[in-house]
Amino acid sequence: MTALFEVPAPLFETLSDQLPWLEASPALAAEYLDRWKLRLDGKPLHGMASVVLPVVSADGTQAMLKLQPFTDENMGEALGLKTWSTEDVVEVLDDDPETATILLERLKPRSLSDHPDDTEATQILAELLTRLCVVPAPAGLRRLADIVAEMLDDAPGLIPRLADPDQQSLVRRYAAQAAELVQEPGDRLLHWDLHYDNVLASQRKPWLVIDPKPLAGDPCFELLPALGNRWDDLVATGDLPRAIRRRFDLMLEVTGLERERAIGWTMVRILQNVLWDLEGDEDEAEDEIDPNQLEIARALT
């Protein structure tokens with residue numbers, strides 16, 4: 001039997017641990033096309049961990065069918081999107097919570113990464129974040145407090161893998177900050193991955209947020225992803241630390257988040273990324289903090 005579509009090749013690398021799911025994804029898509037009365041309307045697209053199919057519904061509505069392996073990160077995606085206002089996020093047209101399959105409104109293939117003005121792109125993202133981060137998290141989502149507790153459990157065993165003793169000391173300091181900040185972890189609905197490529201243009205609004213990995217926590221945890229966007233633009237200013245601070249300060253000015261707490265939670269995000277890298281790196285002798293993350297940390301502290 002001919003497969004409905006060919007799985008995009010990059011997913012075999014980014015989802016290398018989900019090969020059975022990838023191989024079954026065309027059959028899974030066929031099931032949802034039948035269930036939700038959809039027909040294919042173009043070639044498959046993909047994110048880092050999902051297959052996205054342009055489809056048309058029975059009434060002629062253009063939409064996107066998003067298929068993804070069910071994980072702790074995406075299990076609350078549809079719930080988060082339906083909790084926020086559709087003035088700010090992509091609309092969920094249908095979903096299956098048991099598989100994290102979602103039918104979404106179709107947006108334009110243009111993100112904030114394509115915006116000609118980097119400062120204006122940051123302003124737009126920060127304005128969206130301001131509205132998202134005041135919404136209380138619904139029951140049943142992952143909690144930032146639990147994620148930080150896991151990080152603190154893992155940190156003592158992973159930090160010694162860093163080759164540079166000074167970097168080890170730095171990351172231990174971030175772990176100490178995490179232990180302090182988690183005493184007040186927050187209860188707002190967080191996107192967790194709000195960066196330029198997760199803000200798309202649309203027909204009904206200039207820009208809408210996509211692809212959350214929802215959790216309940218402190219909005220100050222949301223700032224790091226955007227700080228690494230369009231890195232070449234920051235480097236091209238000739239003063240990278242100043243450019244990082246300018247972007248960070250603009251986000252604080254728009255959102256009204258408290259500076260010291262925002263810096264603290266940003267360092268916790270860097271800690272999280274360092275631990276992920278250390279956990280997944282087989283060549284322990286060369287382990288180091290990602291250079292861009294280190295530049296951000298040095299610019300803000």
ask   = With the 4.5 Å side-chain cut-off for hydrophobic clustering, are L15 and F12 part of the same group?
value = yes

ask   = Between L275 and E279, does a side chain to side chain contact (heavy atoms under 4.5 Å, CB included) hold up when you go through it step by step?
value = CA-CA 6 Å; L275 295 178; E279 189 173 32; over 6 Å; no

note = Smallest heavy-atom separation, P97 atom then F70 atom, equals O-CE1, 3.3 Å

task = Please answer whether the main-chain N or O of N229 pairs with a side-chain N or O of R247 as donor and acceptor at a distance below 3.5 Å.
result = yes

task = Output yes when a side-chain donor or acceptor of R143 lies under 3.5 Å from a complementary backbone atom of A216, and no otherwise.
result = no

key: Minimum heavy-atom distance between E295 and I244, given as atom pair plus value   = O-CD1, 3.8 Å

inquiry  = Does any part of the side chain of F221, heavy atoms only, come nearer than 4.5 Å to the side chain of V268, both counted from C-beta?
reply    = yes

request  = For residues W84 and V209, determine if any side-chain heavy atom of one lies less than 4.5 Å from a side-chain heavy atom of the other.
outcome  = no

Side chain R230, main chain L112, donor-acceptor under 3.5 Å = yes

key: I270 CD1 to L170 CG distance, which is reported to the nearest 0.5 Å   = 8.5 Å

task = Measure from the side-chain N and O atoms of D193 to the backbone N and O of P225, and report whether any donor-acceptor pair falls under 3.5 Å.
result = no

inquiry  = Looking at E253, I'd like to know if its CD atom is crowded, meaning that more than 12 non-hydrogen atoms belonging to other residues, nucleotides or ligands lie closer than 6.0 Å.
reply    = no

ask   = Counting distance only, does the side-chain N/O of E105 pair as donor-acceptor with the main-chain N or O of E91 below 3.5 Å?
value = yes

query = Are E222 and L132 side-chain neighbours, meaning at least one heavy-atom pair lies under 4.5 Å?
reply = no

query = Do you reckon L208 sits in the same ILVMFWY cluster as V92, going by side-chain contacts under 4.5 Å, direct or chained?
reply = yes

message = For the OG1 atom of T101 and the CG atom of D96, what is their distance to the nearest 0.5 Å?
response = 5.5 Å

query = Under a 4.5 Å cut-off applied to non-hydrogen side-chain atoms, are W207 and R110 in contact?
reply = yes

request  = Look up atom CG in L33 and atom OG in S57, then write down how far apart they are to the nearest 0.5 Å.
outcome  = 12.0 Å

message = Under 4.5 Å between side-chain heavy atoms, counting indirect links through other Ile/Leu/Val/Met/Phe/Trp/Tyr residues: same cluster for L250 and I124 or not?
response = no

ask   = What distance separates L65 CG from L53 CG, expressed to the nearest 0.5 Å?
value = 5.5 Å

key: Other residues, nucleotides, ligands: >12 heavy atoms within 6.0 Å of R131 CZ   = yes

task = Could you check R142 against D72 for side chain to side chain contact (heavy atoms under 4.5 Å, CB included), going step by step and ending with a plain yes or no?
result = CA-CA 8 Å; R142 297 180 304 158; D72 288 344; 4.1 Å; yes

Separation of R245 CZ from L234 CG (nearest 0.5 Å) = 12.0 Å

ask   = According to a 4.5 Å side-chain heavy-atom criterion applied to Ile, Leu, Val, Met, Phe, Trp and Tyr, with indirect links allowed, do I296 and W276 form part of one hydrophobic cluster?
value = yes

request  = Indicate the atoms forming the closest heavy-atom contact of R161 with D287, along with that distance.
outcome  = O-CB, 3.1 Å

ask   = So, do H191 and P214 sit near enough that their side-chain heavy atoms are less than 4.5 Å apart?
value = no

query = For V148 and L181, what are the C-alpha separation, side-chain angles and deciding distance, and is it a side chain to side chain contact (heavy atoms under 4.5 Å, CB included)?
reply = CA-CA 9 Å; V148 172; L181 288 167; over 6 Å; no

query = Is L144 close to W265 at the side-chain level, that is, under 4.5 Å between some pair of heavy atoms?
reply = yes

message = Strictly distance-based, threshold 3.5 Å: is any side-chain N or O of R106 a donor or acceptor partner for the main-chain N or O of V55?
response = yes

task = With the side chain counted from C-beta on, respond yes when L125 and M251 share a heavy-atom pair under 4.5 Å apart, and no when they do not.
result = yes

inquiry  = I need the L257 CG to T130 OG1 distance, nearest 0.5 Å.
reply    = 7.0 Å

key: Sub-4.5 Å side-chain heavy-atom contact between E180 and Q177   = no

ask   = Salt bridge check: are R259 and D249 linked by an N-O gap of less than 4.0 Å?
value = yes

key: Charged N-O contact under 4.0 Å between R35 and D94   = no

query = Out of curiosity, does V52 fall in the hydrophobic cluster containing M75 (side-chain heavy atoms, cut-off under 4.5 Å, transitive links)?
reply = no

ask   = Would you find a donor on one side and an acceptor on the other, under 3.5 Å apart, between the side chain of T14 and the backbone of M48?
value = yes

request  = Please lay out, stage by stage, how S85 and D88 fare under the test side-chain hydrogen bond (donor to acceptor under 3.5 Å, both in side chains).
outcome  = CA-CA 6 Å; S85 168; D88 301 314; 4.6 Å; no

inquiry  = Whether the side chain of D114 engages the backbone of S111 through a donor-acceptor N/O pair (distance < 3.5 Å, no angle test) should be reported.
reply    = yes

message = Strictly distance-based, threshold 3.5 Å: is any side-chain N or O of Q68 a donor or acceptor partner for the main-chain N or O of A100?
response = yes

key: Atom of L11, atom of L22 and distance for their closest heavy-atom approach   = O-CD1, 3.4 Å

ask   = A29 and L4: which non-hydrogen atoms are nearest, and at how many Å?
value = CB-CD2, 3.9 Å

ask   = Going through the checks in order, is the side chain to side chain contact (heavy atoms under 4.5 Å, CB included) test met by M64 and L107?
value = CA-CA 9 Å; M64 303 297 281; L107 305 182; over 6 Å; no

K66/E77 salt bridge by N-O under 4.0 Å criterion = yes

inquiry  = Given the ring of W192, does R269 sit roughly above its face, with NZ or CZ under 6.0 Å from the centre of the six-membered ring and within 45° of the axis?
reply    = yes

remark   = Scanning both residues in full, the closest heavy-atom pair of Y196 with D118 reads OH-OD1, 3.1 Å

query = So, Q18 side chain and W21 main chain: donor-acceptor pair closer than 3.5 Å or not?
reply = no

